[in-house]
Amino acid sequence: MTTPWLHIVGIGEDGMEGLLPATRAVVEAAEVILGGDRHHALSENVTAERLAWPSPFDAMIDTIRSLRGRRAVVLVTGDPLWFSVGARIGRAIDPAEIVYHPQLSAFQLAAARMGWSLADVETLTVHGRPVAQMVAFIQPDARLLILTTGAETPRQIAAYLAQRGFGQSLMTVLAAMGGRDEQRFDGVAATWDHVVPAFNTLAVDCIAAPDAALLPRVPGLADDLFQSDGTMTKQEIRAATLAKLMPMRGALLWDIGCGSGSVAIEWMRAARYARAIGIEPRDDRRAMAAANALALGAPKLELMDGVAPDCLEGLAAPDAIFIGGGLSEAVFAAAWAALRPLGRLVVNAVTLESEAVLMALHARHGGDLVRLSVCRAEPVGRLTGWRAAMPVTQWSLVKR
């Protein structure tokens, strides 16, 4: 039976006084304590060897492993397993070797200060991550609690809100919650001008103007929200494509021939922590995809210069693959071989040549085959008529 040797302790602004007696005893008995400057200051009366977070931060796991055999404590803020380093440590070290000691999280404290039910808010972090990630969560009447990176983060988020027609959204910055120096700053996104402490948590009550941009996380964003040269998977076809791809939490998509990135971006918006690699040989289209990803809340979209199937070797195994261009027998064979079990593959064909390849593949591998046609009402002189877009043949299948 594995014996725990590593204690990961959440600590708040009230320091050692706020810990449970048993947790306080663990910290006081530690031989070595690893944490940030702030954590060491909150436990300064404890006599133990002190280690700072290593630089680069990726060296942290090796540093912690080197402490095995000693009474080791890692100090973190709040709940070690809620947007905190405790989860990362638990992925690298057997959880049976770890004892977690949770403290009230910043989310719990902020919700209490705001009088909001945690069940009814989105809890987000942009700490050490692109601030643009929060854009996908800007919705009418949404309430957001956000762990920030520093003093400038609230101003950056205020700008995103104002740009999208949510300038009247109410913002509250909470700092040093639970401590003697707790502070609160209230304002409106459009006129936000507070100077706030670097360590803070932001609460946003989203209020939409009549002309606000509506960017639901359900796939099918309007085409004009994307920069494009016209070669893109259009709104209705995109929605049907994403339904077959089935975005899931943390899942990886390969978007082969990603163009302006519309499918990959909507995949990432549709599920928490969904990832995507967009493969596109044209520089101008990769530039458009990067701009779209930043504007629409998917800044972690990975873009690759390459032509399938040669560029696929060595990539992380995907949970889903979309082939929107460049279909061939070789591309399918490489993609299908790389796809994980229960992975979803979707191919859209517009040209007769691509459709012929697709039909032959369907005959051998099965799956669902559909023809998608969309007509839009457009002016015909002084009247209105239907104008048909090019039909799309869609083949989809699940790897069993």
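Values below: all heavy atoms of this structure, side chains included; hydrogens, waters and symmetry mates excluded. Please read all numbers here as calculations on a predicted model, not as lab measurements. Starting from 1, each residue takes its place in the sequence as its number.
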Taking all heavy atoms of [X] and all of [Y], pick out the closest pair and write down the distance.
X: Gly86; Y: Ile8; value: CA-CD1, 4.3 Å
X: Leu161; Y: Cys206; value: CD2-SG, 4.4 Å
X: Trp254; Y: Ala338; value: CH2-CB, 3.4 Å
X: Leu118; Y: Phe107; value: CD2-O, 4.0 Å
X: Ser260; Y: Gln227; value: CB-O, 3.3 Å
X: Val74; Y: Trp53; value: CG1-CH2, 3.5 Å

Does any N or O in the side chain of [X] come within less than 3.5 Å of the main-chain N or O of [Y], such that one atom is a donor and the other an acceptor?
X: Ser169; Y: Ile207; answer: yes
X: Arg71; Y: Ala29; answer: yes
X: Glu266; Y: Leu221; answer: yes
X: His127; Y: Thr148; answer: yes
X: Thr191; Y: Gly187; answer: no
X: Asp79; Y: Ser105; answer: no
X: Ser354; Y: Val350; answer: no
X: Tyr100; Y: Leu81; answer: no
X: Arg285; Y: Asp283; answer: no
X: Trp5; Y: Arg70; answer: no

Can you tell me how far the CE atom of Met304 sits from the CD atom of Glu280, to the nearest 0.5 Å? 12.5 Å
Lys/Arg N to Asp/Glu carboxylate O, [X] vs [Y], below 4.0 Å:
X: Arg143; Y: Asp120; result: no
X: Glu152; Y: Arg155; result: yes
X: Glu13; Y: Arg38; result: yes
X: Asp223; Y: Lys234; result: no
X: Glu97; Y: Arg65; result: no

Linking I/L/V/M/F/W/Y whenever their side-chain heavy atoms sit closer than 4.5 Å, directly or via other members, would [X] and [Y] fall into one cluster?
X: Met248; Y: Leu339; answer: no
X: Ile157; Y: Trp192; answer: yes
X: Ile146; Y: Val121; answer: no
X: Val347; Y: Leu397; answer: yes
X: Trp395; Y: Leu327; answer: yes

Does Asp284 have more than 12 heavy atoms from other residues, nucleotides or ligands lying within 6.0 Å of its CG? yes
CD of Glu378: more than 12 outside heavy atoms within 6.0 angstrom? yes
Tell me, with the steps shown, if Glu329 and Arg364 meet side chain to side chain contact (heavy atoms under 4.5 Å, CB included). CA-CA 12 Å; Glu329 295 267 0; Arg364 294 202 301 272; 2.5 Å; yes
pair [X]-[Y]: side-chain heavy atoms closer than 4.5 Å:
X: Gln139; Y: Arg217; answer: yes
X: Leu245; Y: Val263; answer: yes
X: Leu124; Y: Gln133; answer: no
X: Phe83; Y: Thr77; answer: no
X: Ile11; Y: Gln103; answer: no
X: Leu345; Y: Lys399; answer: no
X: Gln183; Y: Asn200; answer: no
X: Val126; Y: Gln156; answer: no

Examine the side chains of Thr233 and Asn348 and answer whether a donor and an acceptor come within less than 3.5 Å of each other. no
Are side-chain N/O atoms of Thr172 and Arg113 paired as donor and acceptor at under 3.5 Å? no
Under the criterion side chain to side chain contact (heavy atoms under 4.5 Å, CB included), I'd like the reasoning laid out for Leu252 against Leu315: C-alpha separation, chi angles, the key distance, then a yes or no. CA-CA 11 Å; Leu252 173 64; Leu315 296 182; over 6 Å; no
Would Val32 and Leu34 count as a side chain to side chain contact (heavy atoms under 4.5 Å, CB included) here? Give the steps. CA-CA 7 Å; Val32 58; Leu34 173 65; 5.9 Å; no
Working for side chain to side chain contact (heavy atoms under 4.5 Å, CB included), residues Met134 and Glu122: CA-CA 10 Å; Met134 61 81 57; Glu122 293 280 4; over 6 Å; no
